[in-house]
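Keep in mind that the numbers below use all heavy atoms, side chains included, and drop hydrogens, waters and symmetry copies.
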Amino acid sequence: MLLRSQTGHDFTLYKQNTITRRIERRIALHQLPDYLYYVNYIWKHRTWKDWILLL
């Protein structure tokens, strides 16, 4: 709900596997070891565009 209210994008129709795959691709792109590091990376570099790119 927060993403939708802030960005106007609705991700509810995305399949869970699609979201997981895209997050894993971002983790590899940034050469991070796991999800926790990725969450920390997003918080440090966050903009609403980053949250959209998270997916």
Side-chain angles (χ1 to χ4, degrees):
M1 294 289 279
L2 182 60
L3 272 176
R4 184 173 52 198
S5 67
Q6 294 293 322
T7 66
H9 295 282
D10 183 5
F11 295 101
T12 58
L13 298 178
Y14 278 62
K15 293 180 181 177
Q16 182 64 42
N17 287 341
T18 300
I19 293 171
T20 301
R21 185 175 55 250
R22 293 182 75 177
I23 291 171
E24 289 173 349
R25 185 177 56 175
R26 297 282 174 189
I27 289 171
L29 177 71
H30 295 292
Q31 299 178 346
L32 300 169
D34 59 30
Y35 286 93
L36 181 60
Y37 282 88
Y38 185 63
V39 170
N40 289 330
Y41 176 85
I42 291 296
W43 278 108
K44 288 179 183 176
H45 301 94
R46 73 177 180 265
T47 66
W48 286 111
K49 289 180 182 177
D50 291 332
W51 282 104
I52 292 171
L53 292 176
L54 172 108
L55 304 172

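Thr20 and Gln16 form a side-chain donor-acceptor contact under 3.5 Å, judged by distance and modelled atom types alone.
Separation of atoms NZ (Lys44) and CD1 (Ile42) is listed at 12.0 Å; rounding is to 0.5 Å. Distance check: Tyr38 OH to Leu32 CG gives 8.5 Å after rounding to the nearest 0.5 Å. We find the OG1-CG distance between Thr18 and Leu13 to be 11.5 Å, quoted to the nearest 0.5 Å.
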side-chain contact (heavy atoms from CB on, under 4.5 Å) assessment of Tyr14 paired with Arg22: CA-CA 11 Å; Tyr14 278 62; Arg22 293 182 75 177; 3.5 Å; yes
Derivation of the side-chain contact (heavy atoms from CB on, under 4.5 Å) call for Tyr41 and Arg26: CA-CA 11 Å; Tyr41 176 85; Arg26 297 282 174 189; over 6 Å; no
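Residue Tyr35 places its OH atom among more than 12 non-hydrogen atoms of other residues, nucleotides or ligands, all under 6.0 Å distant.
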